[in-house]
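Just so it is clear, the model here is predicted, and its values are computed rather than measured.
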Amino acid sequence: APATTLAALDRACAATLPRVVPGDEFFLVRDDARRRVQVYLQAALRCPELELTVFGSSANLFGAAGADLDMCASMAPITGALATNQALVRAIGDALAASDFAVDVTTRDTARVPIVLFKDAVTGLDCDVSTHNPLALRNTRLLRSYAMIDKRVRALAYVVKLWAKARGVNAPSQGTLSSYGYVLCVLYYLQAVAEPPLIPSLQLLHQDWPEIAGHGGGGAGGTTSAPRPLHSIPVEHPFDAGKTVDLYFHEATATSRPALRAAAARNTQSLAALVAGFFRHFAWDFDFKTRVVSVRTARAVRKALKAEVDQWPPTPRLAIEDPFETFYDVAHVLKPAKFHQIHLEFMRADHILATHHLLGRPEAQHHAGDAPPPPGWGADDILQLLCRPPEDAHDGGTGAPAVKDGAPPTLGGEDTAATTT
């Protein structure tokens, strides 16, 4: 993208992201709710050792204002009448149904992931409680660790999520990709494509890095030629009997955190340059037919290998390996038509960034399906144009889209999976 376009996009992001990225209040409200529910359940179940831990988009630093409050209940040792996940979930559901703050309580104790759903009358938050799920907690910590390496990690993810929500390609219930899937694509791009890499694979870094050099891949001075785990924390899958997952990743220390940030700082690209590179990569460069997005390895894994090891069916669509549940394709919900729609949206975004400097000129070419921007739009409206809802993009250019007049695009609620995000 031209330098003038990148400068305009950087200005637009600087103006919009502070209104989109949750502040301290987001986390304080959720933690207050968690502590209140925990105290109530400890008394109601007579289990003072019961603890609730927030996971998913309310804790991983990638959540939006409308994110549900996902909580995991755990207690050790697990004995007596509450010894199974199903029994504990039933007890929690009964207790919440009898409370004066939980409304619309639904208990799903026979689901693959036993869970209690309810709305907190105090905060208005949609909440859920699952049990003994170290996988979800560890996944949350992994994403949070990536977000804390460099502020551009989180910023790029929010821009991509803003675009995906506005363009209607962020609803797994409708066959498109979840927010979690887009976040993994962002992390992969910053590991494997950004030059130099902004972040490494934390799962391939030695825990004593940088004192002991680790494989790492990506931005920690490693290589992606033959990634292999240096440590292992094998854990039996909490819900899939017979499966084991490796929960190891490098957790930053007082020594390694500055080193990770210094490695990231070697990449001097602006946020706008990273946004443009992300869309260009997934519009034209990524080989969807033969490769899999893999944050664990910080590279694109061969689909043939996933078919051999994890029996993934052959498919030409986007495929994303879960960092811990490596047998799980996060993008499995995509149907051919929906993947085609997402791919076209990547192309549209790249086209806008490549041609925005021509806005208003006779030689300007608009992307197929997009009407010309309404009169009065200029360079600094580029983020609004990227995130222009499809219904506004087909208005023939006669009226300004909903995100104009100073109102930023919004993210709304989050689509996340109970087991991982």
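- Atom CZ in Phe239 sits 8.0 Å away from atom CG in Leu135 (nearest 0.5 Å).
- The CG atom of Leu271 sits 4.5 Å away from the SG atom of Cys13 when rounded to the nearest 0.5 Å.
- Arg36 forms a cation-pi arrangement with Phe101, by the criterion of a distance under 6.0 Å to the ring centre and an angle within 45° of the ring axis.
- At least one side-chain heavy atom of Leu88 sits less than 4.5 Å from a side-chain heavy atom of Ile92.
- Contact check on Asp150 versus Arg152 returns a salt bridge, with a Lys/Arg side-chain nitrogen under 4.0 Å from an Asp/Glu carboxylate oxygen.
- Contact check on Arg138 versus Glu251 returns a salt bridge, with a Lys/Arg side-chain nitrogen under 4.0 Å from an Asp/Glu carboxylate oxygen.
- Here CE of Met148 is found 12.0 Å from CZ of Arg141. Values are rounded to the nearest 0.5 Å.
- Within the 4.5 Å cutoff, side-chain heavy atoms of Phe118 are placed close to those of Val129.
- Shown are Asp126, Asp104, Asp128; of these, the salt bridge (charged side-chain N to carboxylate O under 4.0 Å, His left out) with Lys119 is made only by Asp126.
- Cys185 SG to Leu318 CG: the interatomic distance, rounded to the nearest 0.5 Å, is 5.0 Å.
- Considering only heavy atoms from C-beta on, Leu117 comes within 4.5 Å of Ile115 through its side chain.
- Residues passing the ring pair (Phe, Tyr, Trp, His ring centres under 6.0 Å) test with Phe279, sequence neighbours excluded: Trp163.
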Just do the side chain to side chain donor-acceptor pair (under 3.5 Å) check on His237 and Thr244 with the steps written out, would you?
CA-CA 5 Å; His237 196 286; Thr244 301; over 6 Å; no
So Asp322 and Arg296, salt bridge (charged side-chain N to carboxylate O under 4.0 Å, His left out) or not? Walk me through it.
CA-CA 8 Å; Asp322 186 87; Arg296 176 181 60 91; over 6 Å; no
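- When side chains are defined from C-beta on, Tyr40 does not count as touching Asp100, because their heavy atoms never get closer than 4.5 Å.
- The structure places CZ of Arg34 at 13.5 Å from CG of Asp120, a figure rounded to the nearest 0.5 Å.
- Taking the six-membered ring for Trp and the full ring otherwise, Tyr180 and Tyr182 have centroids separated by 6.0 Å or more.
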Between His351 and Arg348, does the side-chain contact (heavy atoms from CB on, under 4.5 Å) criterion hold? Intermediate values first, please.
CA-CA 5 Å; His351 177 83; Arg348 171 190 176 271; 5.6 Å; no
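- At a threshold of 4.5 Å between non-hydrogen side-chain atoms, the residues Gln203 and Phe324 count as touching.
- A donor-acceptor pair shorter than 3.5 Å cannot be found between the side chains of Thr140 and Asn60.
- By the 6.0 Å and 45° rule, Lys243 stacks over the aromatic ring of Phe327.
- The distance from the NE2 atom of His132 to the CE atom of Met75 is 5.5 Å, given to the nearest 0.5 Å.
- With salt bridges taken as basic N to acidic carboxylate O contacts below 4.0 Å, one links Lys306 and Asp310.
- In this structure, the salt bridge (charged side-chain N to carboxylate O under 4.0 Å, His left out) partners of Asp109, at least two apart in sequence or on a different chain, are Arg90.
- Contact annotation: the side chain of Leu187 approaches that of Leu143 to within less than 4.5 Å [non-hydrogen atoms, C-beta and beyond].
- Asp350 and Trp284 share a donor-acceptor pair across their side chains, judged by distance under 3.5 Å alone.
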Run the numbers on Leu205 and Phe249 for side-chain contact (heavy atoms from CB on, under 4.5 Å), then give the verdict.
CA-CA 7 Å; Leu205 274 190; Phe249 69 89; over 6 Å; no
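- Ion pairing between Asp68 and Arg30 fails under the 4.0 Å rule for side-chain N and carboxylate O.
- Environment of CZ in Arg291: crowded, with over 12 heavy atoms of neighbouring residues, nucleotides or ligands closer than 6.0 Å.
- Using a 4.5 Å heavy-atom cutoff, the side chains of Asp70 and Val54 are not in contact.
- Residue-environment remark: CD (Glu211) exceeds the threshold of 12 foreign heavy atoms within 6.0 Å.
- Side chains of Tyr188 and His281 form a contact here, defined as non-hydrogen atoms less than 4.5 Å apart.
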